[in-house]
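The chains referred to below are lettered A, B, ... by the order of the sequence lines, with proteins before strands, and numbering in each begins at 1. No hydrogens, no waters, no symmetry mates; every other heavy atom, side chains included, goes into these values.
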Protein chains: 2
Amino acid sequence: MAVTIKDVAQLAGVSPSTVSRTCKDHPSISEETKEKVRQAMQKLGYEPNFQASNLASQNSRTIGIVLPPSARETYENSFYLEAIRGISSFCNQKQYINTVVTGNTEEELLSVIKTMSRSGQVDGFIVLYSKQDDIVINHLYNEGFLYVLIGKAYQNINQTIYIDNDNILAAQEATEHLIKQGHKKIAYLGGDNSLMFSADRRAGYQLALTMNGIAINPNYCQELPFKKKDQIKAINQLLSSDDRPTAIVVCDDILAFTLEDICEELKLSIPKDIAIVSFNNSLIAKLATPKLTSIDVNSYQLGIEAASQMINHIENPNLMATKIIVPHHLVVRESSSLDR
Amino acid sequence: MAVTIKDVAQLAGVSPSTVSRTCKDHPSISEETKEKVRQAMQKLGYEPNFQASNLASQNSRTIGIVLPPSARETYENSFYLEAIRGISSFCNQKQYINTVVTGNTEEELLSVIKTMSRSGQVDGFIVLYSKQDDIVINHLYNEGFLYVLIGKAYQNINQTIYIDNDNILAAQEATEHLIKQGHKKIAYLGGDNSLMFSADRRAGYQLALTMNGIAINPNYCQELPFKKKDQIKAINQLLSSDDRPTAIVVCDDILAFTLEDICEELKLSIPKDIAIVSFNNSLIAKLATPKLTSIDVNSYQLGIEAASQMINHIENPNLMATKIIVPHHLVVRESSSLDR
DNA sequence: CATTTTTGCGCAAACGTTTGCACAATTTCA
DNA sequence: TGAAATTGTGCAAACGTTTGCGCAAAAATG
């Protein structure tokens, strides 16, 4: 049997309440007594029982982490594990625990989330994606359950806490980087636009064009289908057209990698014929040939900040819903710059 | 305030203990009463309080997941997230929760693990790696704390529960696949051999050679350094030697990808001059040019099995330490086969 | 029909904390 | 020097379950 608060109390010659208060550094215990108690704790290797503490203080010190419902390919994106690692590392420090919830469909996720919240298993959820009309996010909102989004909120913007990059600005910078290299015929390849980050990146791309007096060519701005085959077809079409772009902003390294492949097949040289900038700065960007210029979104830090906000709101329930913007940075490599 | 067991008891006109026993389908409650209770639970949307239940039954229904202490690059391997997803999905089903623990060094991990086990935050740990002389694993073993390894145990083999692929067999199959293609000069590129999977794969490689009457060439069997630059240097050396191998078994897709790059630089055609087989069957294997033949180790399933074993041992403390072998399969692609 | 066995349920004591309140001891103030 | 304010500590009731034990009522037995 593990050592309990009573054991410590007995050894220190005080009552359990005094021990409890010492743990929380309560001001009404004298420094002298605290020292005595601390020594006893030390000696016995005391660690407060997590369950008992949670039951008494009516919380769980547990944060749910919701992965997007998706196909396996999505999870190859190192973004998710990095975000989880960020969250975990912060939780580990703060004596919180975290639990991943995953499922193949929104419904599966929802059912797990419902029992978790009802049974008090978690104090709140960090949702690792942001999507329009998502039933999970809608449920959390409607129930008034605490949650923070990684990604930009789609609705109820002022009532939801979210951690995001400034994806509009990031895409703008990516695009302007290409404009500075002299490109005018710049395309954008995005994914499902109901995902907020993809929509934002597209918006930033368009903004950059407009601000630099470049007309927007609707053929250049593509929302690619999910299936790889269809993606390849669409890209091939774009690159084979008479009015082929000379530069492309791509919403994701993996997609950019595929793009590079197609370019090679079509004998288009990168960055000479086609310059590329993409997002995430994952390992794949460094391994690709030529190496990909990519925007690093600091996924680990997104996780840290999300956990920090979460815990802050758990412990101070009447805080306002704030948003946090985590900085990004452009990492220039061969795919966009002849000088390198 | 959430609905408690007392509310249900009152509505059903029974005592709290009856409700509790109904939840666990205790045989000494009549079917009639159970039905009455179940209806009350349904009506109120009752979900037992996780903390209270855990406190009373002296467990935590929580599993710690230990990531290897490492540099960021390691986590780009989709293996980890897939294993976590497997664990989570099983936990979600069984009303368990899981918490990821991560750190930069073994010491950091150890300190978190110590407080977690002392405070009863977790019932056991699933360790996502297996390594010789690892202080985390040693600590868990010495304390007699429940843990399961994903990977093969290094010591105390009969006392530790582990879930693994048969990496020896897998590497053997990989090597034999190359031998069948007519190769005799086959090399092996591994990583840190204190990691069990790397050592096993090397053993399997050597076994295959021996069994097929091929002499083992020590120059062909390399334990590559961690730094990418040094890796490249070593590989270049191997490929530039007079006695260049014609086929290579590589312990990891990411490394194989780098190998492909070097081959291209050296104007070695794959699979004509060099055939390659690697491990993990990650996205990168499918994206590489040429596509990589790779052994799929079923990381998601490894996670599922690990969670299943863990829960089994939590609920039946006097079970023996068993090992589970999860099947792998070879996925043949362009990098090893001319026919494709 | 009386006795024993079985069945079905409730009582109440845990589980290990937290925290409002009471209260003695000490200090401050007039 | 006595009253009031402050300080430091302990008591005991929560928190919402689980579970050993006891005890009626019902069923089985002789």
Colleague: Kindly say if B/Thr18 contacts the phosphate of C/dG10, meaning a side-chain N or O under 4.0 Å from OP1 or OP2.
Modeller: yes
Colleague: Any N or O donor-acceptor pair under 3.5 Å from the base of D/dG16 to the side chain of A/Arg118?
Modeller: no
Colleague: Taking side chain as C-beta onward, heavy atoms only, is A/Tyr129 less than 4.5 Å from A/Val136?
Modeller: yes
Colleague: On a plain distance test, is the side chain of B/Arg21 in donor-acceptor contact with the base of C/dG10 below 3.5 Å?
Modeller: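 Under the 3.5 Å cut-off, the side chain and the base do form a donor-acceptor pair.
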Colleague: Side chain of B/Ile5, heavy atoms from C-beta onward: which of D/dG10, D/dT17, C/dC11 has the nearest atom to it?
Modeller: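 When the side chain of B/Ile5 is considered, D/dT17 is the closest of D/dG10, D/dT17, C/dC11.
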Colleague: For A/Glu315 and C/dT18, give me the distance from atom CD to atom P, rounded to whole Å.
Modeller: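 In whole Å, C/dT18 P lies 14 Å from A/Glu315 CD.
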Colleague: Can you list, in residue-number order, the parts of residues 34-57 of chain B that come under 4.0 Å of DNA chain C, counting heavy atoms only?
Modeller: B/Leu55, B/Ala56
Colleague: Give me each pair satisfying side chain to side chain donor-acceptor pair (under 3.5 Å) with a member in residues 300-313 of chain B, each pair once, sequence neighbours excluded.
Modeller: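 Counting only pairs at least two positions apart or across chains, the side chain to side chain donor-acceptor pair (under 3.5 Å) contacts touching residues 300-313 of chain B are B/Ser89-B/Tyr300, B/Gln301-B/Glu305, B/Gln309-B/Thr322, B/Asn312-B/Asn316.
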Colleague: Assess, by modelled atom type and distance only, whether the side chains of B/Asn59 and B/Glu315 contain a donor and an acceptor separated by less than 3.5 Å.
Modeller: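 Short answer, no.
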Colleague: Are B/Val122 and B/Phe145 close enough that some pair of their side-chain heavy atoms sits under 4.5 Å apart?
Modeller: yes
Colleague: When you check the phosphate oxygens OP1 and OP2 of D/dT17, does a side-chain N or O of B/Gln58 lie under 4.0 Å from one of them?
Modeller: no
Colleague: Compare all side-chain heavy atoms of B/Cys23 with those of B/Met41 and state whether any distance is below 4.5 angstrom.
Modeller: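 A side-chain contact exists here, since the closest heavy-atom pair is under 4.5 Å.
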Colleague: Count the heavy atoms belonging to other residues, nucleotides or ligands that lie under 6.0 Å from CD of A/Gln10, then report whether that count exceeds 12.
Modeller: no
Colleague: What parts of residues 23-33 of chain B reach DNA chain D, counting only heavy atoms under 4.0 Å away?
Modeller: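 Under 4.0 Å from DNA chain D: B/Lys24.
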Colleague: Could you tell me whether B/Glu106 and B/Lys131 have a side-chain N and a carboxylate O separated by less than 4.0 Å?
Modeller: yes
Colleague: Can we say B/Glu143 and B/Lys114 salt-bridge, meaning some charged N sits less than 4.0 Å from an Asp/Glu carboxylate O?
Modeller: no
